Amino acid sequence: MKVINYLRKLNRKRNHKTHELKRRVKLYSVAKKIEDKRNQQLDAKDVKKILFPFVDLGIGDAVCHTGIWAKLKDAGYTIQIIAEENKRHFFEKLSCIDELHIVDMNNIQALEKINTDLVISIYSWMKRKETFNTLLLSKINYKYAISFGGWLTKPYNITIPLQKDFHITDPQKKILELLGINANKFRYMLPELSEHDSFIDDYLRPVNSEEKIVVINPFASVDERSLTLEQLDKLVENLSKTPNIKIFIIGEKLKIQKIKINNKNVSICLFDSLWHAVSLIKKADLTISVDTAIVHISSALQTKLIGIYYTVFLDHNETLKGNIIFSPHGENHKQIIFDKRKYAIDIDAISEAAISYLDEPLSA
């Protein structure tokens with residue numbers, strides 16, 4: 001059995017190396033058609049418009065970049081985003097975004113040429129994103145470009161090297177510094193949506209002022225990071241032992257509608273909009289989430305959060321630790337990390353941390 005596992009491991013390594021070689025050949029062939037920017041100095045005085053390619057990414061990733069977009073917008077820049085159709089509803093709500101360009105990643109050639117002054121590719125350290133961003137560069141007329149952590153250098157004036165144990169906000173702060181913008185008081189932001197707040201005010205009307213609201217997001221975008229129904233049942237049971245707690249379970253409607261919990265203190269929130277969930281988290285005394293989108297939304301709202309993370313290496317690279325790069329940002333959070341390869345998730349530990357955290361004061 002050891003021999004078989006060893007051979008499987010060797011085969012996986014060979015497949016990764018073959019895939020990476022093909023990727024670099026593709027990158028090189030695309031880059032040949034793009035102007036070489038490596039010896040051109042970036043002059044911030046020439047920059048009025050800044051474009052961020054933001055494809056093959058989720059809502060949580062977008063929330064993580066609202067801080068830099070808001071800072072740049074406040075500094076007088078026009079902020080442009082290239083995104084896919086399924087993220088339109090998010091970007092169109094953000095006041096820090098001036099231009100939204102929708103692309104079909106299966107038909108990049110259909111994208112009309114975009115004019116900008118500076119392109120910023122923060123996700124070049126992820127191989128798939130670097131490939132997509134390079135393909136998009138061929139559809140952009142730009143003066144300058146900045147990349148973080150990528151293999152390809154030719155299309156960029158500045159390539160910021162990959163740091164060890166970086167947080168996703170670190171390259172953003174470096175870019176702000178390059179443009180002469182103070183990166184202090186850097187925080188995520190979300191739009192104010194009064195209609196969704198009003199909906200949640202009505203939704204929460206039966207909850208009395210003495211009851212504490214706990215929001216649970218049990219399912220992630222991938223099953224391996226989700227709670228099982230049995231684990232969710234146990235978490236709810238443990239929390240329900242504490243008096244005056246009202247539990248609201250949120251998530252994708254298709255996933256959470258299969259939950260069957262017979263407890264008068266538990267509500268399954270079959271919302272039609274992500275923004276209803278955002279407004280609910282705004283009212284929550286504590287959010288517990290396995291999904292990083294909800295983690296980052298809670299960080300933006302500065303509400304109390306227990307983030308359940310698993311030890312994950314991104315791009316098969318042990319230096320890229322997902323639980324560090326995408327850890328919560330701000331003051332009001334506790335991060336609980338489990339390594340599924342070594343031991344099972346501990347629902348009792350999560351429950352104890354949640355109940356204890358409910359009694360702690362909120363940081364300003």
Side-chain angles (χ1 to χ4, degrees), residues 58-67 70 90 93-95 167-169 185-205 207-220 227 232 235-236 239 242 244-252 256 265-269 271 273-309 323 326-337 350-364:
I59 294 296
D61 302 299
V63 174
C64 290
H65 291 78
T66 52
F90 181 83
K93 299 287 188 184
L94 294 179
S95 60
H167 188 266
I168 193 60
T169 58
K185 297 182 180 179
F186 187 94
R187 54 163 294 189
Y188 305 158
M189 56 87 65
L190 289 169
E192 293 289 336
L193 299 170
S194 57
E195 67 272 25
H196 298 283
D197 291 342
S198 297
F199 173 90
I200 291 301
D201 286 341
D202 290 338
Y203 188 79
L204 294 178
R205 207 170 295 283
V207 180
N208 68 54
S209 58
E210 295 180 356
E211 292 176 315
K212 292 188 175 181
I213 296 171
V214 176
V215 175
I216 300 176
N217 185 79
F219 304 132
L227 297 182
L232 177 60
L235 177 59
V236 167
L239 294 176
T242 300
N244 293 325
I245 283 184
K246 282 286 189 180
I247 298 170
F248 296 87
I249 299 175
I250 64 170
E252 292 181 28
I256 66 171
N265 292 317
V266 179
S267 296
I268 311 299
C269 303
F271 295 147
S273 169
L274 166 70
W275 301 110
H276 290 338
V278 171
S279 292
L280 177 61
I281 292 168
K282 194 185 301 184
K283 297 282 187 179
D285 294 285
L286 176 67
T287 299
I288 303 171
S289 180
V290 299
D291 182 67
T292 51
I294 298 301
V295 165
H296 301 317
I297 286 168
S298 296
S299 295
L301 297 172
Q302 300 187 72
T303 57
K304 283 185 183 179
L305 163 77
I306 299 257
I308 303 170
Y309 281 67
N323 53 286
F326 294 109
S327 62
H329 178 67
E331 300 297 328
N332 297 298
H333 66 261
K334 293 186 183 295
Q335 188 181 19
I336 302 177
I337 303 172
I350 295 169
S351 307
E352 290 169 10
I355 292 167
S356 173
Y357 199 19
L358 271 171
D359 294 328
E360 293 183 23
L362 192 69
S363 299

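We count residues from 1, following the sequence as given. Given the structure is predicted, the values throughout are model-derived calculations rather than measurements.
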Using only atom types and a distance under 3.5 Å, with no angle test, would you say the side chain of [X] pairs donor to acceptor with the backbone of [Y]?
| X | Y | result |
| --- | --- | --- |
| Glu360 | Tyr357 | no |
| Arg187 | Gly67 | no |
| Ser356 | Ala353 | no |
| Asn217 | Phe219 | yes |
| Asp202 | Phe199 | no |
| Thr66 | Ala62 | no |

Identified side chain to side chain contact (heavy atoms under 4.5 Å, CB included) partner of Ile288 from the options Leu239, Leu305, Ile294
Leu239
Is the closest side-chain heavy-atom distance between [X] and [Y] below 4.5 Å?
| X | Y | result |
| --- | --- | --- |
| Leu286 | Val215 | no |
| Val214 | Leu358 | yes |
| Val290 | Pro218 | no |
| Met189 | Leu94 | yes |
| Gln335 | Ile306 | no |
| Phe248 | Ile200 | no |
| Glu211 | Ile245 | no |

Apply side-chain contact (heavy atoms from CB on, under 4.5 Å) to Thr169 and list each qualifying residue two or more places apart in sequence or on a separate chain.
His167, Gln172, Lys173, Phe186, Tyr188, His329
With sequence neighbours excluded, residues passing side-chain hydrogen bond (donor to acceptor under 3.5 Å, both in side chains) with Lys212:
none
Partners meeting side-chain hydrogen bond (donor to acceptor under 3.5 Å, both in side chains) with His276 (sequence neighbours left out)
His196
Pairwise distance [atom1]([X]) to [atom2]([Y]) - rounded to 0.5 angstrom:
| X | Y | atom1 | atom2 | result |
| --- | --- | --- | --- | --- |
| Asn323 | Ile337 | CG | CD1 | 4.0 Å |
| Ser351 | Leu235 | OG | CG | 4.5 Å |
| Ile249 | Ile216 | CD1 | CD1 | 5.5 Å |
| Ile336 | Ile308 | CD1 | CD1 | 6.5 Å |
| His296 | Asp61 | NE2 | CG | 6.5 Å |
| Ile59 | Cys64 | CD1 | SG | 11.5 Å |

Specify the closest pair of heavy atoms between [X] and [Y], including all atoms of both residues, with the distance to one decimal.
| X | Y | answer |
| --- | --- | --- |
| Ser298 | Ile281 | OG-CG2, 3.6 Å |
| Leu301 | Lys282 | CD1-N, 3.7 Å |
| Ile268 | Ile256 | CG2-O, 3.6 Å |
| Glu192 | Asp197 | OE1-OD2, 4.3 Å |
| Ile250 | Ala277 | CD1-CB, 4.2 Å |
| Leu280 | Cys269 | CD2-SG, 4.0 Å |

Flag if over 12 foreign heavy atoms under 6.0 Å of CD, Glu210:
no
Got a sec: does the CD of Glu252 have more than 12 other heavy atoms crowding it under 6.0 Å?
no
By ring pair (Phe, Tyr, Trp, His ring centres under 6.0 Å), which residues pair with Phe90, not counting sequence neighbours?
Trp275
Between Phe326 and Tyr309, is the ring centre distance below 6.0 Å?
no
Can you run down the salt bridge (charged side-chain N to carboxylate O under 4.0 Å, His left out) pairs that involve residues 283-307, sequence neighbours left out, and say none if there aren't any?
Asp201-Lys283
Pair Tyr203, Ser267 - check side-chain contact (heavy atoms from CB on, under 4.5 Å), show working.
CA-CA 11 Å; Tyr203 188 79; Ser267 296; 4.1 Å; yes
The salt bridge (Lys or Arg N to Asp or Glu O under 4.0 Å) partners of Glu352 (sequence neighbours excluded) come to none
